[in-house]
Amino acid sequence: MAFGFPMHLSAGDKPGVILRPIDVSEAGTISGLISSYEVARFTNTKASKTVAQETDWIESSSKGDDSTIWGIAIAESQNDTQGCIIGVTSLNYNDGRGSSGIIIYDRSLWGQGIASRCHRARCFYAHNNLGLKAIDSTVAYPNLGSRKALQGVGYVITGTDYGKHFADGQPHHLHRLTWVNPVEHKWLEFWGTNKPPAKFQKARIVAQKALDLARTEVTFL
């Protein structure tokens with residue numbers, strides 16, 4: 001694993017979002033936020049996380065070459081390039097295809113469009129910096145907000161992983177979703193001679209708009 005290049009994501013008059021490497025000094029903040037049950041019930045986390053565990057995770061995340069990780073932070077001013085850590089997002093990849101994930105630890109910031117901005121930036125990075133042709137993801141059935149955020153940047157539901165998520169005393173299913181890079185050469189690389197299903201053709205328009213918007217929002221730091 002490795003940390004991605006830092007990016008500032010602008011969005012009109014909303015607070016700026018920064019995607020950047022995580023420092024070990026932030027392990028305490030992360031362990032406190034991720035250990036909330038309201039967060040864990042959506043992430044399939046089975047136990048609270050200690051500062052030592054998060055420190056180990058941060059240190060291990062700086063190594064390897066098959067994934068890219070960012071801390072999600074909220075900028076406190078226009079010139080702030082570090083911000084306050086509120087979550088993490090990632091891309092794991094192999095042979096031109098990736099898988100994505102995101103956790104916003106700070107519940108007070110749920111429902112404010114931050115995940116959507118991160119998804120757009122992540123898809124842009126996947127295309128612009130990694131040359132990926134597609135990204136896969138999963139989201140628990142009860143997590144309606146996360147599903148809508150993924151579909152809002154062009155992900156398509158492709159199937160179900162039954163009973164893979166457990167929370168609140170019962171198993172839940174996971175939606176499987178896939179984002180196909182809408183840029184022509186990557187689109188053709190993914191589909192080959194196969195005809196894309198109608199739902200992917202519609203999603204391609206959404207995905208292209210997401211990339212276009214990301215180009216206006218993302219500034220590499």
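None of the values given here were measured: they were computed from a predicted structure.
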Considering all heavy atoms, the nearest Gly28-Val51 contact: CA-CG2, 3.8 Å
Shared hydrophobic cluster for Ile205 and Leu211 (ILVMFWY, side-chain gaps under 4.5 Å): no
Residues Tyr105, Thr29; criterion side-chain hydrogen bond (donor to acceptor under 3.5 Å, both in side chains); working and verdict: CA-CA 10 Å; Tyr105 310 129; Thr29 299; over 6 Å; no
Salt bridge present between Arg20 and Glu26 (N-O < 4.0 angstrom): yes
Whether Trp70 side chain and Phe5 backbone form a donor-acceptor pair below 3.5 Å: yes
Cluster check Ile104, Ile58: I/L/V/M/F/W/Y, side chain < 4.5 angstrom: yes
From Thr138 atom OG1 to Asn143 atom CG, the distance as rounded to the nearest 0.5 Å: 10.5 Å
Test item: Asn194 side-chain N/O and Trp191 main-chain N/O as donor-acceptor pair under 3.5 Å: yes
Verdict with reasoning, Arg122 to Thr89, per side-chain hydrogen bond (donor to acceptor under 3.5 Å, both in side chains): CA-CA 8 Å; Arg122 196 179 57 212; Thr89 188; 2.8 Å; yes
Shortest non-hydrogen contact from Asp161 toward Arg176: OD1-NH1, 2.7 Å
Residues Asn129, Phe220; criterion side chain to side chain contact (heavy atoms under 4.5 Å, CB included); working and verdict: CA-CA 11 Å; Asn129 294 69; Phe220 285 101; 3.5 Å; yes
Lys148, NZ atom: more than 12 neighbouring heavy atoms under 6.0 Å: no
Heavy-atom side-chain contact between His119 and Leu150 under 4.5 Å: yes
Criterion side chain to side chain contact (heavy atoms under 4.5 Å, CB included) on Thr160 and Leu174, from CA distance to verdict: CA-CA 6 Å; Thr160 300; Leu174 297 177; over 6 Å; no
Contact check, side chains of Phe3 and Thr68, non-hydrogen atoms, under 4.5 Å: no
Euclidean distance, Ser67 OG relative to Ile69 CD1, rounded to 0.5 Å: 4.5 Å
Min side-chain heavy-atom separation Asn94-Asp66 under 4.5 Å: no
Distance-minimising heavy-atom pair for Ala75 and Ile18: CB-CD1, 3.8 Å
Main-chain N/O of Pro196 paired with Gln201 side-chain donor or acceptor, under 3.5 Å: yes
His173 and Tyr141 aromatic ring geometry - parallel, tilted or perpendicular at 30°/60° bounds: perpendicular
Donor-acceptor pair, side chain of Asp80 and main chain of Glu76, under 3.5 angstrom: yes
Shared hydrophobic cluster for Phe200 and Ile135 (ILVMFWY, side-chain gaps under 4.5 Å): no
Minimum heavy-atom distance between Ala203 and Gly154, given as atom pair plus value: CB-O, 3.5 Å
Val24 side chain reached by Glu59 side chain, heavy atoms, under 4.5 Å: yes
Test side chain to side chain contact (heavy atoms under 4.5 Å, CB included) applied to Ile74 and Ile114, step by step: CA-CA 9 Å; Ile74 298 297; Ile114 293 172; 3.7 Å; yes
Residue pair Arg120, Glu217: steps toward the salt bridge (Lys or Arg N to Asp or Glu O under 4.0 Å) verdict: CA-CA 9 Å; Arg120 287 194 294 270; Glu217 293 178 332; 2.9 Å; yes
Nearest-0.5 Å distance that lies between atom NZ in Lys199 and atom CD1 in Ile157: 7.5 Å
Residues Lys209, Asp212: salt bridge by 4.0 Å N-O rule: no
Gap between atom CD1 of Ile22 and atom OG1 of Thr55 - 0.5 Å precision: 11.5 Å
Check: Leu132 main-chain N/O paired with Asn181 side-chain donor or acceptor under 3.5 Å: yes
From CG (Leu177) to OG (Ser146), nearest 0.5 Å: 10.5 Å
Inter-residue atom distance Ser116.OG - Ile102.CD1, 0.5 Å rounding: 8.5 Å
Sub-4.5 Å side-chain heavy-atom contact between Pro21 and Pro6: yes
Check: Ala134 main-chain N/O paired with Arg97 side-chain donor or acceptor under 3.5 Å: no
hydrophobic_cluster_shared for Tyr125 and Val153, side chain cutoff 4.5 Å: yes
Side chain proximity check, Cys118 to Leu19, heavy atoms < 4.5 angstrom: yes
Nearest heavy-atom neighbours spanning Val206 and Gly152: CG1-O, 3.4 Å
Donor-acceptor side-chain pairing of Gln208 and Arg204 below 3.5 angstrom: no
Ser31 side chain near Thr50 side chain, heavy-atom distance below 4.5 Å: no
Worked verdict on Arg107 versus Leu109 for side chain to side chain contact (heavy atoms under 4.5 Å, CB included): CA-CA 5 Å; Arg107 289 176 290 157; Leu109 295 171; over 6 Å; no
Ser99 and Asp136: side chain donor to acceptor below 3.5 Å: no
Nearest non-hydrogen partners of Leu91 and Ser100, listed with the distance: CD2-CB, 4.0 Å
Heavy-atom side-chain contact between Val88 and Ile30 under 4.5 Å: no
Ring geometry between Trp179 and Tyr155 (parallel below 30°, tilted from 30 to 60°, perpendicular above 60°): tilted
Cluster check Ile72, Leu221: I/L/V/M/F/W/Y, side chain < 4.5 angstrom: no
Side-chain donor/acceptor of Lys133 to backbone N/O of Val180, under 3.5 Å: no
